[in-house]
Amino acid sequence: MALGRPSVLPDRVPTVRDLLAAGGRSFSFEFFPPKTDEGARQLWKAIRELESLRPTFVSVTYGAGGSTRDRTVGIVERIAHDTTLTPVAHFTAVNHSIRELRHLVGRFADAGVRNILAVRGDPPGDPMAEWVQHPDGVLYSEELVRLIRQAGDFCVGVAAFPYKHPRSPSIDADTEYFVQKCRAGADYAITQMFFRAEDYLRLRDRVAARGCDTPIIPCIMPVTQMSTIARSEQLSGAPFPPEVAARFEEVADDPEAVRRLGIEHGAELCRRLLDEGAPGIHFITFNRSSASREVFQRLNVPSSVTAGPAGRHPLPVAGGLQGDAR
Ligand code: FAD
């Protein structure tokens, strides 16, 4: 794509925006770019296993280092070309000039990828280190949203944080900036993972109270081992809810029982969210299919709920952390 010139996308592939606008619900799975050949085999196995569920989209996180980034672009391109799935490319501003960002958007367009999740990204190594803007780059994800919008007919997602972003001085400021990036052109948002429905509902109410109706898709990661609970604050930004932790403590000595409870709890959480009108569920998979697939299958999502034009094909149905991303 020439710099600054809106890209011409090959043909109009339906987007997440189309599906949500038609009142459908979105069910999606998130992967990260693996570092090894064995990791790559695992990833493609998981992608193929989840493909049969015909999710609305699958997303691939974007890392901080150059080689991880190339892997993200390569995986997204391969999903677009070799599978029936709709890929959503995560995309960050870390260490990129505006020129590079535009070039990357052009690569996605050339591969027929029309769905991009625009997040600012964290400093490589220490996510809480000072965020240094590239001298010719952007400062906030809001600017990324505008940049992608100007580049062509893309559907753009953004990140939302039920417990506020750790850098935000207050919940109010966090909500205000979130609404600002929605108004900059975001079509939908995906949350950071969380483990209690109320935390999502409070975020949605805060955003709605500011007159913003951008759909916010909750992100779920089924608990499959006790170590997830220990890392909850690092993963989600808040301690694991004590009432849920107590249920897991009862079976802590039995890894199989922990996993079973994790699937049960994941399904309960999803059901409650869907009953409360959430526009779908985004599952973090850690590049494995089984836990997310088991939770999804327990939801018994009827095909009429998810039918819609979001796929690259007619749609009959229907982030240690994220590898090195989220
Ligand atoms: P921003 O929206 O830019 O916000 C960053 C901080 O600045 C917040 O505190 C915000 O309140 C504040 N802010 C925003 N606008 C303004 C303004 N105008 N003035 C003052 N303050 C402002 N990371 C990766 O590296 N790769 C990934 O693939 C990835 N995928 C993710 C997917 C999801 C669904 C989520 C929830 C997170 C993901 N992350 C990923 C992590 C994300 O990059 C970090 O959490 C990052 O620190 C914040 O990104 P953001 O887009 O919310 O940033």
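Quick caveat: nothing in here was measured; it's all calculated off a predicted structure. Indexing begins at 1, ligand by ligand and atom by atom, following the structure's order.
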*Asks:* So that I can tick it off, tell me whether Asp187 and Arg17 are bridged by a salt bridge, with the cut-off set at under 4.0 angstrom between side-chain N and carboxylate O.
*Replies:* yes
*Asks:* Would you mind telling me if ligand 1 is within reach of the side chain of Phe178, the backbone, both or neither, using heavy atoms under 4.0 Å?
*Replies:*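 Under 4.0 Å from ligand 1, Phe178 contributes no heavy atoms.
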*Asks:* Can you list the ligand 1 atoms lying under 4.0 Å from a non-hydrogen atom of Glu142?
*Replies:* 18 (N)
*Asks:* Within the 4.0 Å heavy-atom shell around Thr61, which atoms of ligand 1 are there?
*Replies:*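 Listed by number with element: 28 (O).
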*Asks:* Between Arg48 and Glu51, does at least one N-O distance fall below 4.0 Å, as a salt bridge requires?
*Replies:* yes
*Asks:* Going by the closest heavy atom to atom 1 (P) of ligand 1, which one wins out of Ser141, Ala159, Ala173, Ser59?
*Replies:*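 Comparing heavy atoms across Ser141, Ala159, Ala173, Ser59, the nearest one to atom 1 (P) of ligand 1 lies in Ser141.
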*Asks:* Which of the numbered atoms in ligand 1 are under 4.0 angstrom from any heavy atom belonging to Ser168?
*Replies:*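 Checking each atom against Ser168, I get 8 (C), 9 (O), 10 (C), 11 (O).
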*Asks:* Of the listed options (Tyr140, Phe91, Phe161), which comes nearest to atom 45 (O) of ligand 1 when hydrogens are ignored and any heavy atom counts?
*Replies:*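 Residue with the shortest heavy-atom distance to the ligand atom: Phe161.
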*Asks:* Show me which atoms of ligand 1 lie under 4.0 Å from any heavy atom of Leu117.
*Replies:* 32 (C)
*Asks:* Determine whether the side chain, the backbone, both or neither of Arg120 has a heavy atom under 4.0 Å from any heavy atom of ligand 1.
*Replies:*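 Both the backbone and the side chain of Arg120 come within reach of ligand 1.
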*Asks:* Counting only heavy atoms closer than 4.0 Å, does ligand 1 sit against the backbone of Arg167, its side chain, both, or neither?
*Replies:* both
*Asks:* How about Phe194 and Tyr163: are their ring centres within less than 6.0 Å of each other?
*Replies:*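 Distance test on ring centres: not under 6.0 Å, no.
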*Asks:* Tell me every residue that passes salt bridge (Lys or Arg N to Asp or Glu O under 4.0 Å) with Arg206, counting only those two or more places apart in sequence or in another chain.
*Replies:* none
*Asks:* Mark up the atoms of ligand 1 that fall under 4.0 Å of a heavy atom belonging to Thr92, in ascending order.
*Replies:* 24 (C), 25 (O), 26 (N)
*Asks:* Check for me whether Thr191 has a heavy atom closer than 4.0 Å to any atom of ligand 1.
*Replies:* yes
*Asks:* Can you confirm whether or not the ring centre of Phe57 sits under 6.0 Å from the ring centre of His282?
*Replies:* yes
*Asks:* Before accepting this row, confirm whether a basic side-chain N of the pair Asp199/Arg196 lies closer than 4.0 Å to the acidic partner's carboxylate O.
*Replies:*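 A salt bridge links Asp199 with Arg196.
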*Asks:* Charged N to carboxylate O under 4.0 angstrom, Arg271 versus Glu268?
*Replies:* no
*Asks:* Are Arg202 and Glu198 ion-paired here, with the side-chain N under 4.0 Å from a carboxylate O?
*Replies:* no
*Asks:* List every atom of ligand 1 that sits less than 4.0 Å from any heavy atom of His90, numbering the atoms from 1 in the order shown and giving each element.
*Replies:* 27 (C), 28 (O), 29 (C), 30 (N), 31 (C), 32 (C)
*Asks:* With a 4.0 Å heavy-atom cut-off (strictly under), which part of Gln180 contacts ligand 1: side chain, backbone, both or neither?
*Replies:* side chain
*Asks:* Using a strict 4.0 Å cut-off to heavy atoms of Lys181, name the atoms of ligand 1 that fall inside it.
*Replies:* 2 (O), 50 (P), 51 (O), 52 (O)
*Asks:* For Asp136, enumerate each residue passing the salt bridge (Lys or Arg N to Asp or Glu O under 4.0 Å) test, keeping only those at least two apart in sequence or located in another chain.
*Replies:*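 Salt bridge (Lys or Arg N to Asp or Glu O under 4.0 Å) check on Asp136 returns nothing, list empty.
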*Asks:* Going by an N to O cut-off under 4.0 Å, is there a salt bridge joining Asp213 and Arg204?
*Replies:* no
*Asks:* Got an N/O contact under 3.5 Å between Gln192 and ligand 1?
*Replies:* no
*Asks:* Yes or no: does Trp131 have any heavy atom under 4.0 Å from an atom of ligand 1?
*Replies:* no
